[in-house]
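Please read the structure below before turning to the comments.
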Amino acid sequence: MKPVSYRDPSLTDNAAQPLLSVSDLSVYFRAGRKSSNRVVDNVTFDVARGETVGLVGESGSGKTVTGLSLLGLLPEGIAWTEGQIGFDGKDIGKMSESEMRRLRGRHISMIFQEPMTALDPVFTIGEQLTETLRTHFPMSKREARERAITALEDVGIPLPHKRVEEYPHHLSGGMRQRAMIAIALACEPDLLIADEPTTALDVTIQAQIIDLIMKIVSDRNTALIFISHNLGVVSQVCDRMITMYAGQVVEDSVTDEVLEQPLHPYSSGLLASVPRKSVSSSRLPSIPGRVPSPDAMPPGCRFEPRCTFAQAGCEAAQVLHRRADGRVVRCHRHDQLTLKGALT
Amino acid sequence: MSTPLLSVKDMRITFHVNGGRDQLHAVDGVSFDLASGESLGIIGESGSGKSTIARAVLSLLRITRGEITMEGKTIVTPQSPGKPGNYGVQIIFQDPHAALNPRSKIIRSLVEPLEIQGKGNASSRRDMALEMLAKVGINRALADRYPHELSGGQKQRINIARALLLRPKILVADEATAALDVSIQADILNLYKDLQDEFGLSFIVITHDLAVASYVSDRIAVMYLGRFVELGPSATLATKSAHPYTRALMSAEPEALPRRLQKQDRLVLRGEIPSPVTPPSGCRFRTRCPIATDLCAAEAPPWREMSPGHYSACHFAEEVMAGKPLDGSDKPQNLESVK
Amino acid sequence: MVLTRASQRMIGRRLLQFIPVVFAVAFITFMLLNLAPGDPAELLAGEFPTEERIQEIREYYGFDRPVIVQFVDWFSSAMTGDLSNSLLSREPVFDIIASRFPYTLMMVTYAMIIAIAIGAPLGIAAAARPGSWVDSIATGISSFGVAVPYFWVGMVLVAVFALKYPIFPATGSVPFSEDPIGAIHAATLPAIALSMSGIAEITRQLRAAMIEVLSSPYVRTLRAKGLSRQAVLFRHGLRNVGITVITVITLVFNRKIGATVVLETVFAVPGVGSTLVHSAVNKDYVVVQGVILVIALVVVTVNLLADVLYAIIDPRVEAEA
């Protein structure tokens with residue numbers, strides 16, 4: 001079997017340049033005949049090669065939509081984007097559908113939350129794997145099958161030569177998610193987007209999948225965008241953490257820094273409301289109110305109606321502040337407030 | 001000790017699967033008591049049987065062995081299943097949307113159970129409902145809205161209000177916060193505590209989330225493949241667990257902490273929960289247990305009291321409680337449990 | 001794609017259901033025909049029958065026996081292939097059906113081919129671009145096909161393509177075994193008329209099924225892998241709507257069999273449908289009974305075939321069985 005060169009010679013491999021560079025990305029969804037809602041609003045962030053970045057926030061924060069837009073997978077005719085998505089120096093937003101297709105699964109891959117429904121039920125695991133390989137590489141069926149077996153082995157699926165013949169419903173949830181990961185990583189992409197990959201799994205299986213993802217991305221130097229509402233999981237997996245609220249990035253910092261000393265009141269509120277097994281009995285702090293709906297966004301700071309630190313000046317629209325320490329926050333009071341973190 | 005509010009004795013619940021050819025003991029010999037005003041957490045992974053216990057306590061399904069008593073009175077036996085909702089136990093489920101009729105106003109969903117029970121007249125029922133809404137922190141103005149106009153958290157509060165209108169002594173929460181965002185979950189968990197204080201309500205909190213269970217429960221029962229493997233005060237389980245499965249669960253659940261404070265020796269269990277149709281011999285956890293020996297395959301470990309109120313079913317409970325390392329790095333990967 | 005043991009068991013169970021279904025159909029029609037007005041004995045006795053003559057005929061044919069006994073007698077000989085003789089022509093019913101059935105089969109098969117050939121591509125094209133002009137055409141055609149009665153379409157077709165422009169014959173038919181091309185030529189108009197509602201049904205159901213498949217989470221996974229729209233639609237979409245295709249084809253086939261009763265009369269095709277009408281009008285209950293039994297057998301066989309195809313196409317069938 002001749003080795004396939006996974007390295008694409010067309011990649012610039014410029015270490016100084018981020019692998020992914022999202023700037024002022026907005027996503028609109030049609031809401032009726034003439035109107036539309038901006039569900040993602042001017043999102044800006046970079047991801048370096050091999051970096052692991054968490055995208056956290058509650059439902060309605062726009063984190064999944066952001067992930068899908070990076071692959072051009074938003075529903076056509078219903079959603080559209082503005083802004084630039086630079087991937088390895090090229091603007092994805094300006095790519096044709098066929099160029100995008102060569103990127104998907106080859107350079108950028110995505111895994112989804114529901115292992116039960118994310119695989120085609122009437123194709124075998126092997127077919128779904130070889131199909132990805134043969135879409136991107138000239139490869140014989142036999143060769144692809146060999147690679148599929150290796151790929152399943154790499155993600156810790158026992159008896160891979162048997163599993164390639166089986167259908168998704170033969171596998172448990174944990175095994176399906178492993179198969180999903182095998183498919184996504186079959187072509188050794190440069191960037192993996194994982195959308196809540198462990199949310200539907202039991203904790204002991206979640207632990208296995210987290211270990212697997214961490215090991216593979218670090219072995220292969222794959223960049224990872226890990227979308228999750230679970231701060232515990234993100235704190236384990238990700239170097240950096242981007243917090244989203246109501247379609248905007250509100251904070252972007254090294255994970256440990258956010259956990260110790262968040263800069264945005266929403267990051268702090270999220271951290272505080274997670275129940276901890278070590279701390280008990282006292283009341284859990286919660287964030288009053290609810291996430292505004294996309295057609296009724298507050299004109300100023302979107303978190304202001306729920307923020308306990310709101311004061312004059314907060315009713316103005318907030319911009320992202322790039323601080324001297326490299327941290328990024330969307331709050332004009334970031335240097336006045338000392339917020340509670342995971343330890344305080 | 002006084003009579004417990006609820007007492008479940010040696011309960012077994014059997015389902016017939018594969019077209020009736022196989023028996024599945026979803027719950028296989030579970031006993032526990034619940035005191036008045038107490039909160040018991042039952043944790044376990046999918047397939048452990050925890051939700052089946054919830055439904056049995058509600059008389060939503062028939063038990064095959066054992067009995068359930070309420071304040072000393074037998075209410076459920078295999079021969080005479082209890083009448084659901086008739087003896088002071090109510091339940092709230094995971095999906096806050098499914099439990100409310102989408103075409104009825106909130107107030108309608110609230111007064112309906114009262115009508116069925118024949119309580120009061122139309123206006124007094126409405127007053128009771130509105131009062132209860134206020135108690136669970138819902139603005140009265142929302143009473144005339146439809147479910148789709150409300151958020152998931154609000155709907156779950158309404159489900160709680162509806163359950164409470166029937167004045168239960170016990171509220172069973174079956175993964176009731178699993179579908180909610182963390183900040184909303186925090187609100188609901190706080191509400192549990194308030195209700196416990198205000199009504200002296202007892203809780204059975206069924207969850208897969210150890211942190212949720214620890215936060216709201218006085219005691220926690222850990223379930224694996226239809227059986228309790230450990231039961232004890234929440235604080236004891238968190239610090240001095242006497243079962244490797246409990247320790248594994250604690251270890252598996254990542255806490256939002258900076259790297260320097262994260263446990264470096266995380267115990268990741270191998271394999272998956274075996275089929276309950278053909279559970280392993282002896283100790284059911286042995287196929288995934290990092291410290292299992294031949295003894296564990298030969299004999300089911302007895303249910304032993306390790307300290308007052310703290311029980312464990314493990315042959316090596318003492319060692320585990322003393323902090324025996326559970327690395328198990330010398331154990332080969334278990335393939336047969338992976339289906 | 002081979003049948004696993006579980007799906008073989010499933011098919012075995014379906015085969016066992018076969019017998020009671022056929023029995024039930026036979027029993028119910030027998031009883032209903034017995035309740036229908038008109039005494040076949042009176043009919044057979046000629047124009048001015050005497051009471052004795054009628055009684056004689058009753059005894060000869062066994063009409064005086066209890067209905068259940070008559071049924072058991074008839075059904076047990078039917079199991080051996082003897083459907084007894086026509087009351088009118090005295091011909092064995094089996095022979096009548098055997099000579100007529102090819103015409104019906106020919107017409108229905110022809111209609112099915114037209115319906116699938118037009119309906120399937122139309123449904124898939126509509127699903128691939130919902131809201132496009134293709135979709136509007138497909139929706140229009142399927143509404144038209146459902147709304148318009150097939151016998152009316154038949155008469156219009158005859159008026160245009162047989163009488164005004166004599167391209168096809170208005171009535172009659174040619175045996176396929178003797179002159180295949182002539183047979184197809186003759187069967188064209190009735191087959192087109194018969195296919196109308198089938199086109200509509202297949203288009204509509206396939207469009208709905210394909211839209212559902214294309215909006216399922218695994219299609220997003222397929223797109224994320226870099227598959228083209230065509231690969232998603234034709235490779236994955238088609239196999240996933242397979243179940244629906246089989247279901248709707250079976251359903252359409254069953255309806256077509258029913259529709260032949262009227263259409264064969266309109267086009268004067270000597271198939272089982274027109275035989276059924278003719279015999280029913282003349283109170284030849286023995287033939288009616290035999291034809292219905294054969295139709296039931298055909299329908300049940302087609303359904304069984306569909307079940308086998310389900311098991312082959314969808315690997316999940318065994319899990320649910």
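Each chain gets a letter, A, B and so on, in the order the sequences are listed, and its residues count up from 1. Note that the structure is a prediction, hence the values are computed from the model and not measured.
No more than 12 heavy atoms of other residues, nucleotides or ligands sit less than 6.0 Å from atom CD of C:Glu212.
For C:Ser195, there are no side chain to side chain donor-acceptor pair (under 3.5 Å) partners at least two apart in sequence or on another chain. With sequence neighbours left out, C:Phe27 forms a ring pair (Phe, Tyr, Trp, His ring centres under 6.0 Å) with C:Phe71. Every residue was checked against the side chain to side chain donor-acceptor pair (under 3.5 Å) condition with A:Arg30, not counting sequence neighbours, and none meets it.
Residue contact with chain C, scored on non-hydrogen atoms closer than 4.5 Å, involves the side chain of A:Phe112 exclusively. At a 4.5 Å heavy-atom cutoff, C:Ser216 makes no contact with chain A through either its backbone or its side chain.
Below 30°, between 30° and 60°, or above 60°: for A:Phe87 and A:His107 the angle between ring planes is between 30° and 60°, a tilted geometry.
C:Val232 places a side-chain heavy atom less than 4.5 Å from the side chain of C:Leu214. For the pair C:Lys256 and C:Ser197, the minimum side-chain heavy-atom distance is below 4.5 Å. For the pair A:Tyr167 and A:Leu119, the minimum side-chain heavy-atom distance is 4.5 Å or more.
Per-residue counts of heavy-atom pairs under 4.5 Å with chain C were compared for A:Ala118, A:Pro168, A:Ala184; the largest is that of A:Ala118. When the candidates A:His136, A:Glu131, A:Met180 are compared by the number of heavy-atom contacts under 4.5 Å with chain C, A:Glu131 comes out ahead. Interface remark: of the candidates A:Ile193, A:Leu71, A:Thr135, A:Thr135 forms the most heavy-atom pairs closer than 4.5 Å to chain C. Contacts with chain C were tallied for A:Glu114, A:Gln128, A:Met110, A:Met100; A:Gln128 has the most, counting heavy-atom pairs under 4.5 Å. Your options are A:Glu76, A:Gln113, A:Arg102, and the one with the most heavy-atom pairs under 4.5 Å with chain C is A:Glu76. Contact count versus chain C (heavy atoms, under 4.5 Å) is highest, among A:Asp120, A:Leu68, A:Ile183, A:Leu103, for A:Asp120.
Contacts with chain A (heavy atom to heavy atom, under 4.5 Å) involve no residue of residues 136-143 of chain C.
Just one residue in the list C:Leu238, C:Val134, C:Thr203 forms a side chain to side chain contact (heavy atoms under 4.5 Å, CB included) with C:Ile124, and that residue is C:Leu238.
No side-chain N or O of A:Lys63 forms a donor-acceptor pair with one of A:Ser228 less than 3.5 Å apart.
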